[in-house]
Trainee: 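Just passing along the structure, written as structure tokens.
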Amino acid sequence: LEKLEKLQKGELNKLEKIKLADDLQRAGAKKEAISLYEENLPMGHKRDGIPSEAYLNYGTALLEKGEAQKGLAVYDSLYSSLDPKDPKYESLKDSLEKNVVTFFKQQKQKEKKKKQQDKEDKENKENKEGSGGSGKKENNKEGQSKSDPKSKNDKGDGEKES
């Protein structure tokens, strides 16, 4: 809250704003976090003095919000700017890879769930139409097969006799 008050007063520098964005992202305020990231993170390539984790968190917030293309672009930019000599390199690389795999697994689950839901919806629709419509048709068919042939035969016989 103190940081938010300072932000409103314009008393935070870029790094402090980015750290506030990280805090907001962790707290679940993704929309506000993304806004701060977009205003304060230089895109294209990682800049010195800005923690790599900020880019990681920004990309994660975008993915969680459903902005996959932007989120993956941030991840790609971060990944290409990582220095293998950095002590955090392996940790960041692992986090990026895990997040990407998790994202695609979630997308696959969403697609599978949507297909299942679509299939169930289609079956329900067919069952409703089938039970309502075919039930009537079956009754009509049964009614016709019992009464129509007799009436046809009766009419036919009656017409032949007359």
Side-chain angles (χ1 to χ4, degrees), residues 1 3-4 7 17-47 50-84 86 88-156:
L1 291 175
K3 285 183 182 179
L4 285 173
L7 176 67
K17 289 177 184 177
I18 292 167
K19 287 182 180 180
L20 174 59
D22 288 342
D23 293 341
L24 289 170
Q25 197 270 339
R26 282 188 211 102
K30 290 172 188 24
K31 184 178 178 182
E32 293 81 1
I34 289 171
S35 180
L36 277 173
Y37 286 129
E38 288 175 347
E39 292 172 12
N40 296 287
L41 277 179
M43 292 312 298
H45 62 282
K46 186 182 148 336
R47 297 268 162 70
I50 297 175
S52 299
E53 291 84 352
Y55 288 92
L56 177 67
N57 292 338
Y58 176 44
T60 301
L62 288 167
L63 291 177
E64 289 174 352
K65 188 180 175 205
E67 296 185 29
Q69 192 171 11
K70 283 173 113 178
L72 292 173
V74 170
Y75 277 3
D76 185 51
S77 177
L78 173 59
Y79 188 78
S80 64
S81 69
L82 290 176
D83 181 4
D86 185 341
K88 294 181 181 180
Y89 174 78
E90 285 299 322
S91 170
L92 286 167
K93 182 181 165 194
D94 289 345
S95 293
L96 284 168
E97 290 172 355
K98 285 177 186 176
N99 287 358
V100 169
V101 168
T102 300
F103 170 75
F104 283 109
K105 281 183 180 178
Q106 289 173 342
Q107 290 302 108
K108 192 171 184 178
Q109 287 175 343
K110 283 180 185 177
E111 286 178 22
K112 187 176 179 182
K113 189 174 181 179
K114 186 180 184 317
K115 284 181 182 180
Q116 181 66 29
Q117 186 63 44
D118 290 346
K119 182 179 176 183
E120 289 173 9
D121 290 346
K122 184 178 178 183
E123 288 173 358
N124 288 339
K125 185 178 178 182
E126 288 174 356
N127 286 341
K128 281 184 181 180
E129 289 175 357
S131 65
S134 69
K136 291 178 183 177
K137 288 178 185 175
E138 288 175 14
N139 290 339
N140 289 341
K141 285 180 184 175
E142 288 175 13
Q144 288 174 353
S145 63
K146 291 180 181 176
S147 63
D148 284 349
K150 288 180 184 175
S151 59
K152 283 181 184 176
N153 288 339
D154 290 343
K155 288 179 185 174

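Only this structure's heavy atoms are used, side chains among them; waters, hydrogens and symmetry mates stay out.
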Trainee: Can you tell whether the side chains of Lys19 and Asp22 come within less than 4.0 Å, N to carboxylate O?
Mentor: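 No, no charged N to carboxylate O under 4.0 Å.
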Trainee: Can you tell me if CD on Gln116 sees more than 12 non-hydrogen neighbours from other groups inside 6.0 Å?
Mentor: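 Check passes, neighbour count above 12.
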Trainee: Quick one: salt bridge (Lys or Arg N to Asp or Glu O under 4.0 Å) pairs with a partner in residues 92-103, sequence neighbours left out?
Mentor: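 Qualifying pairs: none.
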Trainee: Check Thr102, Leu96, Asn99 against Thr60 for a side chain to side chain contact (heavy atoms under 4.5 Å, CB included) and give me the one that passes.
Mentor: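 The passing option is Asn99.
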Trainee: Please enumerate all residues that pass salt bridge (charged side-chain N to carboxylate O under 4.0 Å, His left out) together with Asp118, with sequence neighbours excluded.
Mentor: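 If we apply the salt bridge (charged side-chain N to carboxylate O under 4.0 Å, His left out) test to Asp118, skipping adjacent residues, the hits are Lys114.
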Trainee: Atom NZ in Lys30, atom CD in Glu67: separation rounded to 0.5 Å?
Mentor: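 Lys30 NZ to Glu67 CD: 12.5 Å, rounded to 0.5 Å.
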Trainee: Given Tyr37 and Asn57, is the side-chain contact (heavy atoms from CB on, under 4.5 Å) satisfied, shown in steps?
Mentor: CA-CA 9 Å; Tyr37 286 129; Asn57 292 338; 3.1 Å; yes
Trainee: For Ser80 and Ser77, which heavy atoms make the closest approach, and how far apart are they?
Mentor: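 Nearest pair, atom of Ser80 first, then Ser77: OG-O, 3.0 Å.
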Trainee: Indicate the atoms forming the closest heavy-atom contact of Gln25 with Ala33, along with that distance.
Mentor: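 What the structure gives for the nearest pair is N-CB, 3.6 Å.
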Trainee: How close do Leu92 and Ser52 get, heavy atom to heavy atom, and via which atoms?
Mentor: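 The answer is CD1-CB, 3.3 Å.
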Trainee: Side-chain contact, heavy-atom cut-off 4.5 Å: Gln107 with Phe103?
Mentor: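 They are in side-chain contact.
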Trainee: Restricting to non-hydrogen atoms, name the atom on Ile50 and the atom on Ala54 that form the minimum distance, rounded to 0.1 Å.
Mentor: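 Smallest interatomic distance, heavy atoms only, reads CG2-CB, 4.3 Å.
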Trainee: Is there a donor-acceptor contact under 3.5 Å from the side chain of Ser35 to the main chain of Lys31?
Mentor: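 Side chain of Ser35 to backbone of Lys31, a donor-acceptor pair under 3.5 Å: no, none is there.
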Trainee: Is any side-chain heavy atom of Leu63 closer than 4.5 Å to one of Leu72?
Mentor: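 The answer is yes, as the side chains (C-beta and beyond) meet within the 4.5 Å cut-off.
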Trainee: What are the two closest heavy atoms between Leu56 and Leu78, and how far apart are they?
Mentor: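 Closest pair (atom of Leu56, atom of Leu78, distance): N-CD2, 3.7 Å.
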Trainee: Pick out which of Lys115, Lys122, Glu123 makes a side chain to side chain contact (heavy atoms under 4.5 Å, CB included) with Lys119.
Mentor: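 Among the candidates, only Glu123 passes.
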Trainee: Among Lys17, Lys70, Lys65, find the residue that satisfies the salt bridge (charged side-chain N to carboxylate O under 4.0 Å, His left out) test when tested with Glu38.
Mentor: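 Of Lys17, Lys70, Lys65, salt bridge (charged side-chain N to carboxylate O under 4.0 Å, His left out) with Glu38 is met by Lys70 alone.
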Trainee: Can you list everything that forms a side-chain hydrogen bond (donor to acceptor under 3.5 Å, both in side chains) with Glu53? Sequence neighbours excluded, please.
Mentor: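 side-chain hydrogen bond (donor to acceptor under 3.5 Å, both in side chains) list for Glu53, sorted by chain: Lys88.
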Trainee: Using every non-hydrogen atom in the two residues, find where Tyr55 and Val74 come nearest and quote the distance to one decimal.
Mentor: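 Smallest interatomic distance, heavy atoms only, reads O-CG1, 3.3 Å.
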